[in-house]
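Written out below as structure tokens is the structure these notes cover.
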Amino acid sequence: MRFEQLSKDEVKKAPKLTRNFISRIFHYLNPYRSQYLLSLFLVVVSAILSIIPTLLTGEMIDRGIIGGNFKLLLVFAGASFGLLIVSSLVSVLSSYLSAYIGQHVSKDMSEEMYGHLQQMSHQFFTSNKQGEIQSRMMQDISGVESVITQTFTTLMSNIMTLAVAFVAMMGKDIRLAIIALVIVPLMIVPMKKAGQARWDLTMQARKEADKTQQLLNESLSVSGQLLTKLFVREENEMREYQTLNTNLVNLNIRERVAGRGFRGLMQVITNMGPLILYVVGGYLIIYRQSSLTIGDITVMVTLLGRLIFPIDSLMNVQVDLVRSTALFNRIFEYLDMKPEIISEPDAVKRKTLKGDMEFEQVYFQYSKEKAVLHDLSFHVAPGSSLALVGPSGAGKSTITNLIPRLFDVTSGQIKIDGTNIKEYDLASLRLNIGVVTQETYLFNGTIRENLLIANPEATDEDLILALEKAHLTNFLKSLPEGLDTIVGNRGMKLSGGEKQRVSIARVILKQPAILIFDEATSSLDSLSEEEIQKEIVPLMDSCTTIMVAHRLSTIRHAEQIIVLEEGSIQQQGTHEELIEQPGLYQRLYQTQMGKDKRV
Ligand SMILES: Nc1ncnc2c1ncn2[C@@H]1O[C@H](COP(=O)(O)OP(=O)(O)OP(=O)(O)O)[C@@H](O)[C@H]1O
């Protein structure tokens, strides 16, 4: 017996069951319709098969025992036994089918959702909690499986069992069948009410026990005791404890009595149904000369018992339906979100770009409230380097995010090789851009796997060369399994600097037209920083480089430096030009000269 109720919130937020909504759910079932129809057929067969032995019981009593025909009794018993086995096999097959459909529908949905999430913009992932996204993927979609295997199939099976049992009862006696159908819900309602009342008491007792626990935690802790002693609150605490304790004791007693009372009520009510059937059946036989037999009455009483579970379940169907539709609704909400950054259908595909980059009056804002970049215009010639300098929050990383279209400009345009980046096929644009960021991300796999994502066709020699260029030769030699060493949570922990160098090696393998270093050397020690810089410089020769750094030693060699403040260009020029101009760069230079003798 279930006592679940919908919360007010669930009732308020329950999605409307429109025709579109239902057909969308059926669209997922459509590929499995033959399995589904077969499973429905088996549900009917199983319901019929499980009722027949009950009907045979009547024959065993009337024709076997009362009729004195032992052979017939054995035949009926054997037939019942055989039918029970067949019915069990049918229900195994039926549950296989519903598990098959449930698992496959949830597999299809999870693949659709995963593919869809992969299309979503960077903005989506930065503005949604990771836990929320994963819970839609995992919990909600696995919930679909149980909706299909349990809610859907159980609903069908309950309706069928109810229908078959009712028809069987009608076959015996219409009056008794109608009485049975009326008394079962009448039996269930008081049981539910009593069960709910008992459940409420259990919940209240649990809440009160939690409060007591909280009071103990607070008042018996070191700081709680100190507070009690210094403010002389011993008596108050004691009074509070006594009040809580008394409430808890009263609730526990009421809950125990209610529990016993509930079991008693169940016993009385479940036995009342058969008693009513015996009395009415007896009356019909004795006073109305009905053709009903003892066997018929026994069958009716057994069938009455078979009605309780399906009727109870059907009385809860609203709870199941609202929860299931809410589940589908949550999934559909996610699937209906439009990916904001996509390739146009006639997008330009280029295997290699030259790396000529132009920002034209670029404005950008993450949200409506606040503009982050204002009217940025600059040009970076192919193979040349640009360094972005400015205080924290000036918009440096934002600029670098616009280039591979992690975000799209709000107005203006960014051109690469003379074409607006929005016109390029997204993959071909991103394959031409290499990024080394502040937060280096290596996934849980081997060094080889982490490097190969940059260039799946690279040979081991290419990988070793790239690692060598990123100054990781000694590190590679120290690894127990070389390129096959697992890094990340499951394997070796790499230091910040090592991780960054692996990601630099990854970019070297990619050979991009445009290279973005976002404070790439920040987590390296000074010596490694110099070494890496030595490697960055030759890389910079072959591609357009955009660097974001705070240390002037890193950026002084850049051919062009842009000083940003609050999203606008304040100064622009070479290191030599900028140190001569009064302004932010000069101040930065003077401060760092004092601190860093290497500049
Ligand atoms: N995903 C985001 N959503 C909303 N606002 C953002 C987001 N990322 C950055 N911002 C805001 O945009 C502004 C510019 O940030 P950005 O990271 O580009 O600055 P930055 O110059 O790179 O700073 P730092 O040197 O500290 O990395 C900041 O005010 C920041 O709070």
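It should be emphasised that the depicted structure is a prediction, and the values quoted were computed from it without experimental measurement. Count residues from 1 along the sequence. Start at 1 and go down the list; that is how both ligands and their atoms are numbered.
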Answer side chain, backbone, both or neither: which part of Thr398 comes under 4.0 Å from ligand 1, heavy atoms only.
-> both

Backbone or side chain, does any N or O of Phe407 fall under 3.5 Å from an N or O of ligand 1?
-> no

Judged by non-hydrogen atoms, does Gly395 sit under 4.0 Å from ligand 1?
-> yes

With the threshold set at 4.0 Å, does a side-chain nitrogen-carboxylate oxygen contact exist between Asp425 and Arg430?
-> no

Tyr366 neighbourhood, listing ligand 1 atoms whose heavy-atom distance to it stays under 4.0 Å = 1 (N), 2 (C), 3 (N), 4 (C), 5 (N), 6 (C), 7 (C), 8 (N), 9 (C), 10 (N), 11 (C), 12 (O)

Does OH belonging to Tyr114 count more than 12 external heavy atoms closer than 6.0 Å?
-> no

Shortest reach to atom 21 (O) of ligand 1 by a heavy atom, considering only Lys396, Lys370, Glu565 | Lys396

With a cut-off of 4.0 Å, which atoms of ligand 1 are near a heavy atom of Val372?
-> 12 (O), 13 (C), 14 (C)

Answer yes when Glu344 and Lys422 have at least one side-chain N-carboxylate O distance shorter than 4.0 Å, and no when they do not.
-> no

Indicate yes or no: at least one non-hydrogen side-chain atom of Leu584 is less than 4.5 angstrom from one of Pro391.
-> yes

Check whether the side chains of Asp108 and Tyr32 place a donor and an acceptor atom closer than 3.5 Å, and report yes or no.
-> yes

Heavy-atom closest pair (Val409 atom, Phe364 atom, distance to 0.1 Å) is CA-CD1, 4.1 Å

Using non-hydrogen atoms of the residue, decide whether His122 is closer than 4.0 angstrom to ligand 1.
-> no

Look at Asp356 together with Lys415 and state whether they make a salt bridge at an N to O cut-off of under 4.0 Å.
-> no

At under 4.0 Å between heavy atoms, what of Ser127 touches ligand 1? The answer is neither

Contact check, Pro391 vs ligand 1, heavy-atom distance below 4.0 Å | yes

